[in-house]
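Okay, so here's the structure we're looking at.
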Protein chains: 2
Amino acid sequence: MNDSGAEISERAQQMLRALIERFVVDGQPVGSRTLARDAGLKLSPATIRNVMSDLEELGFVASPHTSAGRVPTVQGYRFFVDTLLSVKPLDQRAIEKIRAEFDVEQAPKDLVESASGMLSAITQLAGIVTLPRRDHPLFKRVEFLPLSENRVLAVLVSGKDEVQNRILKTERTCSAAELQQASNYLNKLFSGKDLDEVRTTLLREMQQTRSDMNEMMMTAIRMADKVLEKNADEDFVMAGQTNLMGFHELCDVEKLRMLFDAFNEKRDILHLLDQCVHGEGIQIFIGEESGYKMLDECSMVTAPYTVDGRVLGVLGVIGPTRMAYERVIPIVDATARLLGAALNTKE
Amino acid sequence: MNDSGAEISERAQQMLRALIERFVVDGQPVGSRTLARDAGLKLSPATIRNVMSDLEELGFVASPHTSAGRVPTVQGYRFFVDTLLSVKPLDQRAIEKIRAEFDVEQAPKDLVESASGMLSAITQLAGIVTLPRRDHPLFKRVEFLPLSENRVLAVLVSGKDEVQNRILKTERTCSAAELQQASNYLNKLFSGKDLDEVRTTLLREMQQTRSDMNEMMMTAIRMADKVLEKNADEDFVMAGQTNLMGFHELCDVEKLRMLFDAFNEKRDILHLLDQCVHGEGIQIFIGEESGYKMLDECSMVTAPYTVDGRVLGVLGVIGPTRMAYERVIPIVDATARLLGAALNTKE
DNA sequence: TCTGGCACTCTGACTGATAGACTGCCAACC
DNA sequence: GGTTGGCAGTCTATCAGTCAGAGTGCCAGA
């Protein structure tokens with residue numbers, strides 16, 4: 001694949017842009033006459049045809065059949081978003097509107113849901129947001145509360161005041177004082193330590209000393225496991241999937257089914273999103289670039305969202321390849337920033 | 001609508017059954033010759049035609065056009081499920097298989113998800129299960145734990161040891177003793193009382209005495225609200241929605257979109273499920289009977305699930321009107337029982 | 001009451017024929 | 001040399017027409 005950016009004339013680029021912009025709005029192959037009208041250049045259709053022929057040679061456009069107009073290829077879109085696109089940042093009013101939707105009182109999970117809902121509402125595509133992940137959560141404190149004869153409620157506070165509950169059945173009735181003692185012990189020893197470390201330490205200790213506290217410690221370990229595991233197995237939230245049904249390139253029921261199955265299955269999509277975490281800023285997969293069959297006719301525009309410069313997750317939009325990238329990109333970008341900011345107040 | 005059960009001959013009933021059974025498998029209008037072969041009666045197509053004509057008169061079948069076979073109407077299906085259907089209970093092996101899927105260790109929410117997944121997997125339709133609701137949850141106890149200078153973790157235990165957490169920011173730093181005192185007070189006063197009652201009592205008291213404890217009490221109220229609200233605004237879990245894309249009567253993208261939008265919107269579906277709670281046992285909505293346009297070509301088979309004879313929720317299956325009712329009904333029935341049983345061990 | 005037969009109807013698939021929308025190429029023009 | 005108008009060629013979409021297949025309704029006879 002030769003990077004033929006230099007070979008392509010200014011005029012040809014302008015035409016490619018016009019062609020894509022036109023194709024994005026109505027999804028029909030674009031002919032030379034239409035383009036002559038649209039492109040803004042004062043050229044006859046015949047000239048346009050010559051240029052289009054060059055663009056086809058370069059692989060930026062293709063024609064479905066002899067007497068249809070031209071359609072942008074994946075390579076065409078790629079060139080478009082990489083070098084032709086001028087994204088104008090969202091105007092302040094639009095940004096404020098999004099910010100207003102983020103209620104800082106909301107829990108992280110709700111913020112994430114707001115974000116995906118907003119992405120889909122504004123772009124009229126499908127919005128997708130991964131849940132924020134915290135790496136290396138810290139052990140803060142644990143508390144054991146007696147509930148009934150032999151049932152104890154364990155409360156584990158970790159990281160940024162993330163709380164986990166678990167009810168455990170004990171073999172004998174523990175007094176409140178006993179439980180207090182157990183939690184005091186654990187808190188004094190581990191408060192502020194890395195949760196993962198706490199977990200292994202406890203495990204080791206349990207093997208050595210067969211103490212009365214084993215039950216409590218075991219529970220603490222299990223809860224720590226749960227926090228850590230929740231971390232590992234990431235998840236995402238989607239909204240507006242049905243918006244995709246409006247695009248006739250996706251109207252085939254088989255394709256739709258594959259797509260929606262992938263949304264439900266989550267695994268493949270997560271894997272794809274994972275690749276976006278590492279990239280800096282906006283990341284775009286066009287058509288087959290994703291490598292997943294069900295996304296062949298789709299594009300994905302993503303941006304990581306950060307708090308304190310640490311990437312907590314990714315959000316973005318899934319739509320047909322012919323989406324209005326110049327409109328979608330600033331929206332995704334702004335939403336990522338604002339979600340990061342909203343999560344920041346949670347500190 | 002005349003209940004013409006008496007007017008319809010034994011033979012006609014048998015034919016209606018054969019017609020529906022045939023139509024269910026391939027979705028094509030059924031002609032007289034096919035039926036003559038299928039029905040098991042030794043009759044010529046001509047005779048069948050006469051009977052079909054009667055059935056059409058009665059509104060049980062209809063023909064899409066002159067020279068197509070007959071198709072069952074909603075009324076036809078209704079008669080079929082009400083009087084023609086002989087549901088054979090699920091065999092023990094199948095039941096065991098379902099039971100095995102329910103891990104009694106799972107939380108209620110996970111059990112519900114297993115159930116919907118199983119319903120969709122076994123029937124190859126969409127499975128739906130409402131979350132179990134507890135009515136009139138009791139206040140059990142509340143606990144306040146200091147986290148940092150002016151942050152307190154509140155833990156509310158209600159009903160069957162349902163736990164709610166909330167972090168509150170206090171204006172001044174509260175000592176552990178102070179917090180202990182507050183929770184002791186509330187627990188002594190309200191333990192075992194109806195949560196709703198606790199809530200109103202607290203509200204009243206707060207208006208009368210402007211005490212230092214207001215902040216704690218306010219939090220307790222808010223958490224109670226959350227428990228109660230979670231109760232009111234029920235929710236459901238679905239699985240296998242994409243299975244519905246396989247049926248050509250639903251292949252129209254517009255219809256699919258309406259349907260999936262309704263699944264996401266939840267409100268209408270919830271309203272429908274609500275009607276199933278009151279009915280005893282299996283409840284079936286066929287086609288337009290539901291009263292919702294997006295379900296015009298769908299049927300819904302539901303059963304309430306109970307613990308200790310109290311209805312906690314509803315589960316069921318959504319599929320095209322031409323579903324194999326005699327197969328689906330026992331599955332829904334058994335799953336409801338088993339889910340109830342699995343939840344029972346949670347007591 | 002059941003059945004075979006016949007006329008009739010409607011669908012779906014196939015076939016041309018035609019209009020419309022393009023392209024590609026060529027010769028002329030600036 | 002770049003640009004243009006014109007023209008031939010090509011592909012699609014659409015519409016009417018035909019035909020086989022499937023099914024019904026009705027009638028007369030068993």
Side-chain angles (χ1 to χ4, degrees), chain A residues 7-16 18-23 25-73 76 248-249 251-252, chain B residues 7-16 18-23 25-73 76 248-249 251-252:
Chain A
E7 296 174 27
I8 179 171
S9 74
E10 179 65 34
R11 196 176 62 176
Q13 294 186 18
Q14 199 168 337
M15 279 190 199
L16 180 59
L19 181 135
I20 290 182
E21 278 166 4
R22 176 72 192 211
F23 184 71
V25 317
D26 56 27
Q28 298 295 322
V30 187
S32 55
R33 198 154 61 232
T34 319
L35 215 48
R37 258 186 281 113
D38 270 32
L41 309 152
K42 286 239 166 257
L43 290 173
S44 78
T47 314
I48 309 259
R49 285 203 284 278
N50 291 328
V51 182
M52 294 305 271
S53 182
D54 296 347
L55 284 173
E56 185 155 15
E57 192 76 17
L58 291 167
F60 289 143
V61 298
S63 53
H65 57 83
T66 359
S67 82
R70 302 301 211 294
V71 164
T73 61
H248 47 281
E249 53 264 62
C251 264
D252 180 48
Chain B
E7 298 174 25
I8 178 171
S9 75
E10 180 64 35
R11 196 175 62 177
Q13 295 186 18
Q14 199 168 338
M15 279 190 198
L16 180 59
L19 181 136
I20 290 181
E21 278 165 4
R22 176 71 191 211
F23 184 72
V25 317
D26 56 26
Q28 298 296 321
V30 187
S32 55
R33 197 152 63 234
T34 319
L35 216 48
R37 258 186 281 112
D38 270 33
L41 308 153
K42 286 237 166 261
L43 289 174
S44 79
T47 315
I48 308 259
R49 285 204 283 277
N50 291 327
V51 181
M52 293 306 268
S53 183
D54 296 348
L55 284 173
E56 185 155 15
E57 192 76 17
L58 290 166
F60 290 143
V61 297
S63 53
H65 57 84
T66 358
S67 84
R70 301 305 209 294
V71 163
T73 61
H248 47 282
E249 51 264 63
C251 264
D252 180 50

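Per chain, numbering begins at 1; letters A, B, ... match sequence-line order. On a predicted model such as this, the values are computed, not experimentally measured, just so you know.
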Starting at atom [atom1] of [X], determine the distance to atom [atom2] of [N], rounded to an integer number of angstrom.
X	N	atom1	atom2	result
B:L41	C:dT1	CG	C1'	15 Å
B:L35	C:dC2	CG	P	15 Å
B:R37	D:dG23	CZ	C1'	13 Å
A:E56	C:dC25	CD	P	11 Å
A:E57	C:dT23	CD	P	16 Å
B:I48	D:dG23	CD1	C1'	13 Å
A:L19	C:dT23	CG	P	10 Å
B:M52	C:dC2	CE	P	16 Å

query = If you measure from CD1 on A:I48 to CG on A:L35, what distance do you get to the nearest 0.5 Å?
reply =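 If we round to the nearest 0.5 Å, A:I48:CD1 and A:L35:CG are 5.0 Å apart.
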
inquiry  = Could you measure the distance from the CG atom of B:L43 to the CD atom of B:Q14? Nearest 0.5 Å is fine.
reply    = 9.0 Å

message = A side-chain contact here means heavy atoms from C-beta on lying under 4.5 Å apart; do A:L55 and A:R70 qualify?
response =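 No, their side chains stay 4.5 Å or more apart.
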
task = Determine whether A:M15 and A:R11 make a side-chain contact, defined as any pair of heavy atoms from C-beta on separated by less than 4.5 Å.
result = yes

ask   = Looking at the side chain of A:R70, which of C:dT23, D:dG23, D:dG25 is the nearest nucleotide?
value = C:dT23

[X] side-chain N/O to [Y] backbone N/O, donor-acceptor pair under 3.5 Å:
X	Y	value
B:Q13	B:I8	yes
B:S32	B:R49	no
B:T73	B:G59	yes

Show me the protein contacts with nucleotides 1-6 of chain D, counting only N or O atoms at under 3.5 Å.
unit_1	atom_1	unit_2	atom_2	d
D:dT3	OP1	A:R11	NH1	2.7
D:dT3	OP2	A:R11	NH1	2.8
D:dT3	OP2	A:R11	NH2	2.9
D:dT4	OP2	A:S44	N	3.2
D:dT4	OP2	A:T47	OG1	2.5
D:dG6	O6	A:R49	NH2	3.0

Contacts of type salt bridge (charged side-chain N to carboxylate O under 4.0 Å, His left out), residue A:D54, not counting sequence neighbours =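 Salt bridge (charged side-chain N to carboxylate O under 4.0 Å, His left out) list for A:D54, sorted by chain: empty.
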
request  = Carefully, step by step, assess B:V61 and B:V71 under the rule side-chain contact (heavy atoms from CB on, under 4.5 Å).
outcome  = CA-CA 5 Å; B:V61 297; B:V71 163; over 6 Å; no

Show the distances under 3.5 angstrom between N or O atoms of the protein and N or O atoms of nucleotides 12-21 of chain C.
none

